[in-house]
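Worth knowing before you read on, the calculation uses all heavy atoms, side chains too, and leaves out hydrogens, waters and symmetry mates.
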Amino acid sequence: MRPLSYVRAGDAGTAIALVRARPDSAFLAGGTTEVDLVRQDVLRPGLLVDINDLPLDLVEDLPGGGLRIGALARMSDVARAPGVIERFPLMSQALVLGASAQLRNMASMGGNLCQRVRCSYFRDPASPCNKREPGSGCAALDGFHRGHAILGVSDHCIATHPSDVAVPLTALDAVVHTSGPAGERAIGIDDFFPLPGDTPQREHPLEHGELITAIEVPGAPVARRSVYLKFRDRQSYEFALASVAAAVRIEDGTVTEVRLALGGVATKPWRARRAEAALLGRPATAASFAEAARQELAAATPRPMNAFKVGLAQRAVVRALSTLTDGEA
Ligand SMILES: Cc1cc2nc3c(=O)[nH]c(=O)nc-3n(C[C@H](O)[C@H](O)[C@H](O)COP(=O)(O)OP(=O)(O)OC[C@H]3O[C@@H](n4cnc5c(N)ncnc54)[C@H](O)[C@@H]3O)c2cc1C
Ligand code: SF4
């Protein structure tokens with residue numbers, strides 16, 4: 001049996017100092033990822049610093065139509081915040097389609113961004129896994145990889161990023177605010193999730209002891225007409241095989257503004273910039289949507305078991321855009 005200490009921090013400075021002081025320590029928010037992995041012997045912290053007493057749970061409207069979401073706001077509270085439902089329906093939908101009602105009541109937004117991959121080899125300490133044990137190999141490459149990534153992969157890791165809400169946050173250019181030993185930082189969401197490359201163990205740019213304090217979403221009028229679609233093996237309590245966050249503005253039948261991001265198919269929440277560029281100025285038709293999706297997925301490098309995701313993701317993009325433009329195109 002290994003000893004595991006637990007302490008409840010009353011303020012951010014204390015929480016950061018406590019984690020900073022021990023290399024084997026970690027923050028504990030809702031615990032829905034952290035405790036699972038400790039139980040499975042995948043993570044072996046010596047100290048958990050509970051941050052649930054910190055005043056970081058508000059969802060606030062910002063001037064200009066944006067949002068500031070405290071890192072400890074629960075997924076369920078964010079999903080039903082009026083400003084999220086009215087101005088960012090894609091976020092509310094992504095949150096409601098994640099996990100289960102009980103988990104959403106526990107799980108925090110900061111923890112959601114830092115959740116670990118669902119690759120079964122990562123969660124099995126007996127399997128080689130470069131993410132869990134750098135240099136040990138990747139059992140998924142020639143193993144069971146039906147749910148794994150087709151975009152942003154490397155020879156060292158092909159695990160998909162599991163978060164749903166990170167997909168609309170990526171489409172919306174959200175910014176992650178942190179506080180740490182070096183002071184405060186603001187990190188663009190795209191930079192928050194690095195590609196695995198040859199360092200798949202590095203899943204975000206946070207230093208040890210750096211605390212996420214808030215996530216800011218800039219005002220985006222285009223997001224009022226938006227959607228999050230999630231495709232999975234069963235209709236609830238399941239991670240995405242493919243998902244799409246889409247927002248679009250149409251004028252005179254032409255796409256004049258569009259935000260697109262994909263989940264379930266890439267090693268990070270995937271901003272579909274090629275598809276966005278292909279859509280701008282094009283007629284809002286199923287043919288344009290299909291061509292844009294084709295261009296985005298041209299970069300895919302599927303493996304034998306997950307090749308079906310190429311077509312699935314393309315159809316998902318077309319479905320999302322058609323849902324938003326039905327009757328206008
Ligand atoms: C059965 C199951 C199904 C799920 N299905 C889905 C799904 O469909 N879609 C989806 O998106 N998610 C899903 N999840 C994941 C769930 O959303 C995450 O576990 C949850 O959001 C993590 O939040 P938490 O507060 O519980 O984090 P914790 O477990 O407390 O922490 C997770 C990690 O984040 C770190 N951390 C937490 N807060 C901070 C902070 N403020 N600053 C820095 N580091 C921090 C912790 O140290 C830890 O490393 C599922 C989880 C389970 C168990
Ligand atoms: S895909 Fe990534 S997480 Fe899964 S076994 Fe390979 S290195 Fe580990």
Side-chain angles (χ1 to χ4, degrees), residues 1-57 70-75 99 102-103 105-139 156-157 159 161-163 166 176-185 187 192-194 196 198-214:
M1 192 155 55
R2 277 189 313 278
L4 170 56
S5 305
Y6 167 90
V7 60
R8 216 169 159 106
D11 60 82
T14 304
I16 293 164
L18 283 167
V19 171
R20 201 59 198 158
R22 276 183 69 162
D24 66 343
S25 59
F27 296 120
L28 182 72
T32 61
T33 285
E34 188 70 22
V35 173
D36 256 10
L37 293 173
V38 171
R39 282 197 186 122
Q40 291 171 42
D41 208 24
V42 173
L43 298 179
R44 299 175 177 184
L47 170 67
L48 289 177
V49 178
D50 189 327
I51 56 174
N52 285 291
D53 288 343
L54 309 189
L56 299 175
D57 59 350
L72 286 167
R74 305 295 149 170
M75 287 170 67
Q102 291 91 336
L103 283 161
N105 288 339
M106 293 282 293
S108 68
M109 292 294 285
N112 188 296
L113 297 188
C114 296
Q115 65 175 290
R116 308 301 301 273
V117 295
R118 308 305 292 194
C119 173
S120 53
Y121 302 108
F122 171 77
R123 284 164 188 261
D124 168 18
S127 295
C129 170
N130 288 324
K131 201 179 266 295
R132 182 172 25 77
E133 198 181 329
S136 63
C138 171
H156 302 274
C157 182
H161 195 275
S163 168
V176 180
H177 289 264
T178 71
S179 183
E184 309 213 330
R185 284 208 286 166
I187 306 166
F192 190 81
F193 298 111
D198 57 8
T199 53
Q201 72 278 11
R202 189 105 175 106
E203 294 179 336
H204 50 63
L206 297 180
E207 300 298 329
H208 184 65
E210 189 171 358
L211 179 76
I212 300 176
T213 51

> Has the side chain of S179 got a donor or acceptor atom that lies under 3.5 Å from a matching backbone atom of L211?
Replying inline: no

>> Distance check, rounded to the nearest 0.5 Å: I51 atom CD1 versus T14 atom OG1?
In response: 13.0 Å

> In Å and rounded to the nearest 0.5 Å, what is the CD to CD1 distance from E207 to I16?
Replying inline: 12.5 Å

>> Nearest 0.5 Å, please: how far is SG in C157 from CD in E203?
In response: 8.0 Å

> Going by heavy atoms in the side chains, are R74 and D57 under 4.5 Å from each other?
Replying inline: no

> Does N130 use its side chain to pair, donor to acceptor, with the backbone of G137 at less than 3.5 Å?
Replying inline: yes

>> In the structure I gave you, are the side-chain heavy atoms of L37 and F122 within less than 4.5 Å of one another anywhere?
In response: yes

>> In the structure I gave you, are the side-chain heavy atoms of V38 and R2 within less than 4.5 Å of one another anywhere?
In response: no

>> If you compare all heavy atoms of R202 against all heavy atoms of P205, which two are closest, and at what distance to 0.1 Å?
In response: NH2-O, 3.6 Å

>> Show the nearest heavy-atom pair for residues L54 and A15, with the distance to one decimal.
In response: CD1-CB, 4.4 Å

>> Less than 4.5 Å apart, side chain to side chain, heavy atoms only: is that true for L43 and R116?
In response: yes

> Hey, mind stepping through K131 and V117 against side chain to side chain contact (heavy atoms under 4.5 Å, CB included) and telling me if it holds?
Replying inline: CA-CA 9 Å; K131 201 179 266 295; V117 295; 3.7 Å; yes

>> Test side chain to side chain contact (heavy atoms under 4.5 Å, CB included) on C114 and L206; report intermediate values, then the result.
In response: CA-CA 10 Å; C114 296; L206 297 180; 4.1 Å; yes

> Applying the side-chain contact (heavy atoms from CB on, under 4.5 Å) test to P45, which of L48, L47, V49 qualifies?
Replying inline: L48

> Do side-chain atoms of R20 reach the backbone of H208 as a donor and acceptor pair under 3.5 angstrom?
Replying inline: yes

>> So P134 and T199, do their side chains get closer than 4.5 Å, heavy atoms only?
In response: no

>> Nearest 0.5 Å, please: how far is CD in E184 from CD in E210?
In response: 10.5 Å

> Roughly how far, to the nearest 0.5 Å, is OG of S5 from CG of L18?
Replying inline: 11.0 Å

>> Would you compute the distance between atom CD1 of I187 and atom CG of L113 and round it to the nearest 0.5 angstrom?
In response: 10.5 Å

>> R118: which residues meet the side-chain contact (heavy atoms from CB on, under 4.5 Å) condition with it, sequence neighbours left out?
In response: R123, P162, F239

> If you measure only the distance, is there a donor-acceptor pair under 3.5 Å linking the side chains of Q102 and N105?
Replying inline: no

Cut-off 3.5 Å, no hydrogens considered: what does the side-chain donor-acceptor table look like for residues 21-32, sequence neighbours left out?
| from | atom 1 | to | atom 2 | distance (Å) |
| --- | --- | --- | --- | --- |
| R22 | NE | D24 | OD1 | 3.0 |
| R22 | NH2 | D24 | OD1 | 3.4 |
| R22 | NH2 | D24 | OD2 | 3.0 |
| D24 | OD2 | G46 | N | 3.4 |
| S25 | OG | V19 | O | 2.8 |
| S25 | OG | R22 | O | 2.6 |

> Between the main-chain N or O of Y121 and the side-chain N or O of R132, is there a donor-acceptor pair closer than 3.5 Å?
Replying inline: yes

> Can you find a pair of side-chain heavy atoms, one from H156 and one from P200, that are under 4.5 Å apart?
Replying inline: yes

> For the residue pair H204 and F192, does the interplanar ring angle fall in the parallel (under 30°), tilted (30 to 60°) or perpendicular (over 60°) class?
Replying inline: parallel

